[in-house]
Colleague: 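If you scroll down you'll find the structure; I have some questions about it.
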Amino acid sequence: LVAKHYIERFAKIPVSVEIASEYRYSRPLTTGRTLCIVISQSGETIDTLAALKEAKRLGAQSIAVTNSIGSSIARATDVAIYTLAVASTKAYTTQLVSLLMLALYMGQVKESISLELVKKLTAALLELPKQIEEVLTEKEHMSEVADRLIKAEDIFYLGRSIDYAIAMEGALKLKEVSYIHAEAYAAGELKHGTLALISAETPVIAVATQNNVRAKMYSNIQEVRARGADVLGIGYDDDHELEKYTTGIVRIPKVDEFIAPILSVIPMQLLAYYTGIKRGNDVDKPRNLAKSVTVE
């Protein structure tokens with residue numbers, strides 16, 4: 001979903017995001033003019049591999065973003081981009097970096113992006129290690145925030161635009177290691193029914209890094225605050241407006257909004273980690289999870 005934003009913005013190519021396990025059964029409109037990008041940490045994910053084979057059967061060209069050299073998906077694809085990360089949290093951030101670089105390259109090939117913007121975002125990527133270190137200094141704060149979540153039965157993550165995709169990752173990580181029910185919603189959809197689920201017992205994590213929808217996001221946060229929700233905001237260190245509407249805030253360095261997803265997901269990963277630990281869970285071996293999905 002993040003890559004969809006990147007590719008459509010920089011390469012001006014329409015992107016369809018498909019769930020791999022559903023792709024083969026949806027009569028996909030794939031042709032020889034389709035590029036299929038498959039993403040798999042292990043390179044052995046069976047439903048993703050099956051989707052890749054089906055796309056190739058229909059004539060598509062393919063690129064894999066994977067962590068594992070020599071894996072089944074790496075061997076089956078036309079081109080493999082290797083993330084070379086150690087854990088799944090790092091695999092996710094390296095996938096975002098790889099997909100952003102791919103989108104920038106596609107934009108250059110199609111001449112749909114200026115060289116100045118490519119240089120600007122490439123330079124921003126080179127600053128990421130230092131900025132990630134800065135975000136990691138917030139870990140004690142994240143541990144304290146986790147104390148507000150450990151008794152919750154339901155938690156909502158909100159975001160708009162790219163932030164919604166990042167909210168989905170935050171909710172997934174929390175579910176995986178804390179075993180608390182968590183859901184991500186596009187914040188603008190709250191008024192279509194989900195507000196009925198918000199109460200004082202429902203913590204909300206709200207991500208606000210996208211400039212063109214930030215004012216709308218403030219309004220959505222006020223909607224859940226009006227229902228009594230405890231709201232943790234994740235935003236830039238110079239965004240003093242956000243703290244007016246939230247009951248707590250986690251700050252990330254001010255970066256380009258296309259770089260922001262790579263940074264804003266890290267506090268959510270830390271929050272899931274500390275919440276899981278404080279609930280007495282083994283976060284290194286989450287229950288019912290496999291290292292790679294080998295059955296459909």
Colleague: Checking salt bridge (charged side-chain N to carboxylate O under 4.0 Å, His left out) for the pair R57/E54: CA distance, chi angles, key distance, verdict?
Modeller: CA-CA 5 Å; R57 186 187 71 79; E54 176 65 5; 2.9 Å; yes
Colleague: Does a salt bridge link E241 with K244, judged by any charged N lying under 4.0 Å from a carboxylate O?
Modeller: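 Yes, this pair counts.
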Colleague: Once you round to the nearest 0.5 Å, how far does CD1 of I155 lie from CG of L174?
Modeller: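 Reported value, rounded in 0.5 Å steps: 5.0 Å.
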Colleague: Please report the C-alpha distance between Y236 and E257 in whole Å, then the side-chain angles of each, then the deciding distance to 0.1 Å, and finally whether the side chain to side chain contact (heavy atoms under 4.5 Å, CB included) criterion is met.
Modeller: CA-CA 10 Å; Y236 297 126; E257 60 184 349; 4.1 Å; yes
Colleague: Has the side chain of R24 got a donor or acceptor atom that lies under 3.5 Å from a matching backbone atom of A51?
Modeller: no
Colleague: Taking a hydrophobic cluster as the set of Ile, Leu, Val, Met, Phe, Trp and Tyr residues connected by side-chain heavy atoms closer than 4.5 Å, whether directly or through intermediates, do L84 and I73 fall within one such cluster?
Modeller: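 No, L84 and I73 fall in different hydrophobic clusters.
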Colleague: Can you name the closest pair of heavy atoms from Y179 and P286 and give their distance?
Modeller: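 Closest approach of Y179 to P286: OH-CA, 3.6 Å.
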Colleague: How long is the gap from CG on L149 to CE on M142, to the nearest 0.5 Å?
Modeller: 8.0 Å
Colleague: Which value, rounded to the nearest 0.5 Å, describes the distance between I132 atom CD1 and E127 atom CD?
Modeller: 11.5 Å
Colleague: Return the OH to CG distance between Y23 and L58, rounded to the nearest 0.5 Å.
Modeller: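 Output value for this atom pair is 5.5 Å.
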Colleague: Kindly assign one of parallel, tilted or perpendicular to the pair F156 and H181, based on the angle between their ring planes and the thresholds 30° and 60°.
Modeller: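 Ring orientation of F156 relative to H181: perpendicular.
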Colleague: Hey, what do you get for CE (M217) to CG (D239), rounding to the nearest 0.5 Å?
Modeller: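 These two atoms lie 11.0 Å from each other.
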Colleague: Under 4.5 Å between any side-chain heavy atoms of I252 and P267, yes or no?
Modeller: yes
Colleague: Mind running salt bridge (charged side-chain N to carboxylate O under 4.0 Å, His left out) on K173 and E176 for me, showing each step along the way?
Modeller: CA-CA 5 Å; K173 285 293 177 283; E176 284 180 338; 3.8 Å; yes
Colleague: Hey, could you give me the OG/NZ distance between S219 and K191, rounded to the nearest 0.5 Å?
Modeller: 6.5 Å
Colleague: Specify the closest pair of heavy atoms between A91 and Q41, including all atoms of both residues, with the distance to one decimal.
Modeller: CB-CG, 3.6 Å
Colleague: Might you confirm whether atom NZ of K151 has over 12 heavy atoms from other residues, nucleotides or ligands at distances under 6.0 Å?
Modeller: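 For K151, atom NZ is not crowded (no more than 12 foreign heavy atoms under 6.0 Å).
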Colleague: Heavy atoms only: give me the nearest I113-G107 pair and the separation to one decimal.
Modeller: CG2-C, 3.1 Å
Colleague: Under a 3.5 Å cutoff, is there a donor and acceptor pairing between the side chains of Q95 and T83?
Modeller: no
Colleague: Counting distance only, does the side-chain N/O of T77 pair as donor-acceptor with the main-chain N or O of A80 below 3.5 Å?
Modeller: no
Colleague: If you compare all heavy atoms of S112 against all heavy atoms of K12, which two are closest, and at what distance to 0.1 Å?
Modeller: CB-CG, 3.7 Å
